[in-house]
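These notes concern the structure reproduced below.
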Amino acid sequence: MMKSTDTHAGTNTVPAPGAISESEQISTLKQTLLKRIRRSAFVFRVDCGGCNGCEIEIFAAITPIFDAERFGIKLVASPRHADVLLYTGAMTRAMRLPGIRAYNAAPDPKIVISYGACGCTGGIFHDLYCVWGGTESIVPVDVYIPGCPPTPAATIYGFAMALGLLDQKLKAHHHTQGTDEEATLTHPHIPLQLRVALEREARRMSGYRQGRILANRFMALLALEDAAPFPERLQRHLDSEGDPRLSEVFGRLNKIVLRRPQW
Amino acid sequence: MFKLLQEIARKGDVTAEYPFAPFPVSRNFRGKPEYAPTNCIACAACTIACPANALTMTTDPVAGSRTWMLNIGRCVFCARCEEVCPTGAIALSNRFELAVRSKADLMMTAEFTLTNCRFCRTPFAPTKEVNYVIARLVRQRLPQEEAERRRELYETCPECRRHANVMSRCRTLPAQEAQAA
């Protein structure tokens with residue numbers, strides 16, 4: 001069967017059997033909890049089938065560098081002590097019932113945080129046979145913290161948002177193509193063959209992302225309107241950067257340019 | 001005891017000020033993919049490269065539009081989209097404060113119009129993509145009139161192009177065979 005558009009893009013999740021929804025009374029209770037909780041939030045962590053990357057980052061967030069415990073955020077060993085339930089990992093078939101049990105064991109009102117890409121939507125595992133989707137397929141979620149895994153700083157931001165201390169920064173955005181909207185050409189002054197050769201060599205030298213960034217920097221330097229000839233400009237740039245790795249890559253790119261006499 | 005306190009005083013405060021002060025991320029940090037829809041040609045290269053299917057594209061043949069969607073909740077911040085984007089419309093930024101209360105806020109969408117095929121009138125390619133290709137060719141010193149002539153070719157869907165190819169071959173083949181005989 002074809003997936004519907006919403007499920008395909010991950011905007012809509014099918015609730016798993018036995019999924020819990022939140023009652024009106026509990027959501028009002030939650031507001032009072034948020035007022036009282038500020039001093040100390042006890043967190044219970046439920047791993048529903050992740051890769052443990054998220055767990056490592058959660059523990060990084062309570063180390064002295066980030067020290068989430070200065071805000072009273074403390075990991076506890078039982079859901080019965082918890083104010084906040086932290087669901088990590090995609091909701092797998094096998095962990096569905098333990099996930100629901102942990103939710104039921106935590107005293108009301110409680111805050112549920114969905115942590116990491118897998119927790120938010122199922123992440124990279126979203127179309128696996130044993131994955132129900134994100135955390136919201138079994139329990140009502142209050143805050144989503146995306147990231148793969150979220151960095152400790154992003155974790156602290158998510159907690160602060162869940163406790164109502166910080167405001168949400170990310171908003172949904174929609175763009176509709178305007179009339180006469182055209183894309184600008186990238187590096188229009190550089191012949192295509194030369195551009196391809198430069199990008200290829202830069203990526204070979206320093207990886208797919210850095211390679212592209214370096215190739216773009218090199219080509220911007222190459223196309224720069226300047227009185228000084230290019231080799232002089234390049235040398236000046238490399239001297240100011242003082243990075244031997246950059247000199248190596250740019251040196252090789254320069255050789256490619258020199259091989260083509262029109263440049 | 002005194003030695004310990006001395007050591008603590010020497011080390012100073014290592015805890016990051018965040019969230020009370022901005023958190024400086026490293027230069028190569030891969031954060032939220034920033035998307036510039038005006039620069040996007042809806043070529044779908046990023047949606048093919050995306051390993052997590054955070055980037056998806058759907059075509060609405062009735063409305064003649066193509067919708068680009070980014071679900072940040074699914075993104076694994078690998079920067080493959082940045083690598084393949086021909087116009088540099090998507091690039092990873094250093095923004096990491098992505099937590100949201102509603103899942104709808106994780107969606108970034110953009111809608112693009114499609115060009116109709118000159119023969120069968122079905123919408124098949126984004127207008128911006130066709131224009132980008134022609135602008136690129138003109139930049140490669142292709143004469144303007146030749147580029148406009150090629151526009152007809154680019155605004156024909158693969159199906160109709162194949163059909164036209166076969167039909168022209170059917171017309172010329174008997175003549176060629178007669179010549180050969």
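Naming convention: chains lettered A, B, ... in sequence-line order (proteins, then strands); numbering from 1 in each chain. Note that the structure is predicted; figures quoted are calculated from it, not measured.
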I'd like to verify something: which residue of [options] has the highest number of heavy-atom pairs under 4.5 Å with chain B?
{"options": "A/Lys169, A/Gln177, A/Arg70", "value": "A/Gln177"}
{"options": "A/Gly147, A/Pro150, A/Ala162, A/Gly122", "value": "A/Gly147"}
{"options": "A/Ala160, A/Gly158, A/Ala154", "value": "A/Ala154"}

Counting only heavy atoms closer than 4.5 Å, note whether [X] contacts chain A via side chain, backbone, both or neither.
{"X": "B/Tyr35", "answer": "neither"}
{"X": "B/Glu129", "answer": "neither"}
{"X": "B/Pro86", "answer": "backbone"}
{"X": "B/Phe77", "answer": "side chain"}
{"X": "B/Cys50", "answer": "neither"}
{"X": "B/Leu55", "answer": "neither"}
{"X": "B/Val25", "answer": "neither"}
{"X": "B/Asp13", "answer": "neither"}

Rounded distance [0.5 Å steps], [atom1] in [X] versus [atom2] in [Y]:
{"X": "A/Gln168", "Y": "B/Asp105", "atom1": "CD", "atom2": "CG", "answer": "4.5 Å"}
{"X": "A/Tyr157", "Y": "B/Phe23", "atom1": "OH", "atom2": "CZ", "answer": "15.5 Å"}
{"X": "B/Leu98", "Y": "A/Met161", "atom1": "CG", "atom2": "CE", "answer": "10.5 Å"}
{"X": "B/Phe112", "Y": "A/His175", "atom1": "CZ", "atom2": "NE2", "answer": "5.5 Å"}
{"X": "A/His187", "Y": "B/Arg139", "atom1": "NE2", "atom2": "CZ", "answer": "13.0 Å"}

### Query
Side-chain contact, heavy-atom cut-off 4.5 Å: B/Ile72 with A/Leu170?
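SC-SC contact between B/Ile72 and A/Leu170 confirmed.
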### Query
With a 4.5 Å heavy-atom cut-off, do B/Met107 and A/His174 have their side chains touching?
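A side-chain contact is absent here, since even the closest heavy-atom pair is not under 4.5 Å.
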### Query
Looking just at side-chain N and O atoms, do A/Glu181 and B/Thr38 make a donor-acceptor pair shorter than 3.5 Å?
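The criterion, which ignores hydrogens and geometry beyond distance, is not satisfied for B/Thr38 and A/Glu181.
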### Between B/Asn71 and A/Thr121: side-chain donor-acceptor atoms closer than 3.5 Å
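There is no such pair (donor and acceptor under 3.5 Å, judged by atom type) between the side chains of B/Asn71 and A/Thr121.
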### Query
How far apart are the C-alpha atoms of A/Glu182 and B/Ile41, what are their side-chain angles, what is the distance that settles it, and do they pass the side chain to side chain contact (heavy atoms under 4.5 Å, CB included) test?
CA-CA 8 Å; A/Glu182 294 300 344; B/Ile41 55 170; over 6 Å; no
### Task
For B/Cys75 and A/Cys148, work out which heavy atoms get closest and say how close.
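Looks like O-CB, 4.1 Å.
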### Message
Tell me the closest heavy-atom pair linking A/Ala172 and B/Ala104, and the distance in Å.
### Response
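A/Ala172 and B/Ala104 have their closest heavy atoms at CB-O, 3.4 Å.
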### Message
Below 4.5 Å, heavy-atom pairs only: which of B/Arg80, B/Arg95, B/Gln140 has the largest tally toward chain A?
### Response
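Answer, by heavy-atom pair count under 4.5 Å with chain A: B/Arg80.
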### Message
Taking every non-hydrogen pair under 4.5 Å, which of B/Arg141, B/Met108, B/Glu111, B/Glu97 racks up the most with chain A?
### Response
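Greatest number of close heavy-atom pairs with chain A: B/Glu97.
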Please determine whether the number of non-hydrogen atoms from other residues, nucleotides or ligands lying under 6.0 Å from atom [atom1] of [X] exceeds 12.
{"X": "A/Asp167", "atom1": "CG", "answer": "no"}
{"X": "B/Arg161", "atom1": "CZ", "answer": "yes"}
{"X": "B/Glu7", "atom1": "CD", "answer": "yes"}

Given a strict heavy-atom distance threshold of 4.5 Å, which part of [X] is in contact with chain B: side chain, backbone, both, or neither?
{"X": "A/Glu199", "answer": "neither"}
{"X": "A/Thr184", "answer": "both"}
{"X": "A/Leu166", "answer": "both"}
{"X": "A/Ala153", "answer": "both"}

### Task
Would you verify whether the NZ or CZ of B/Arg101 falls within 45 degrees of the ring axis of A/Tyr144 while also being under 6.0 Å from that six-membered ring's centre?
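Checked: cation-pi criterion not met.
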### Message
Let's go through B/Thr15 and A/Phe66 carefully: what are the C-alpha distance in whole Å and the side-chain angles of both, what is the deciding distance for side chain to side chain contact (heavy atoms under 4.5 Å, CB included) to 0.1 Å, and is it a yes or a no?
### Response
CA-CA 6 Å; B/Thr15 309; A/Phe66 293 95; over 6 Å; no
### Query
Taking 4.0 angstrom as the limit, do B/Glu83 and A/Arg212 come out as a salt bridge?
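Judged by the 4.0 Å cut-off on N to carboxylate O distance, B/Glu83 and A/Arg212 do not form a salt bridge.
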### Cationic N near anionic O, under 4.0 Å, A/Glu136 to B/Lys103
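Yes, charged N to carboxylate O under 4.0 Å.
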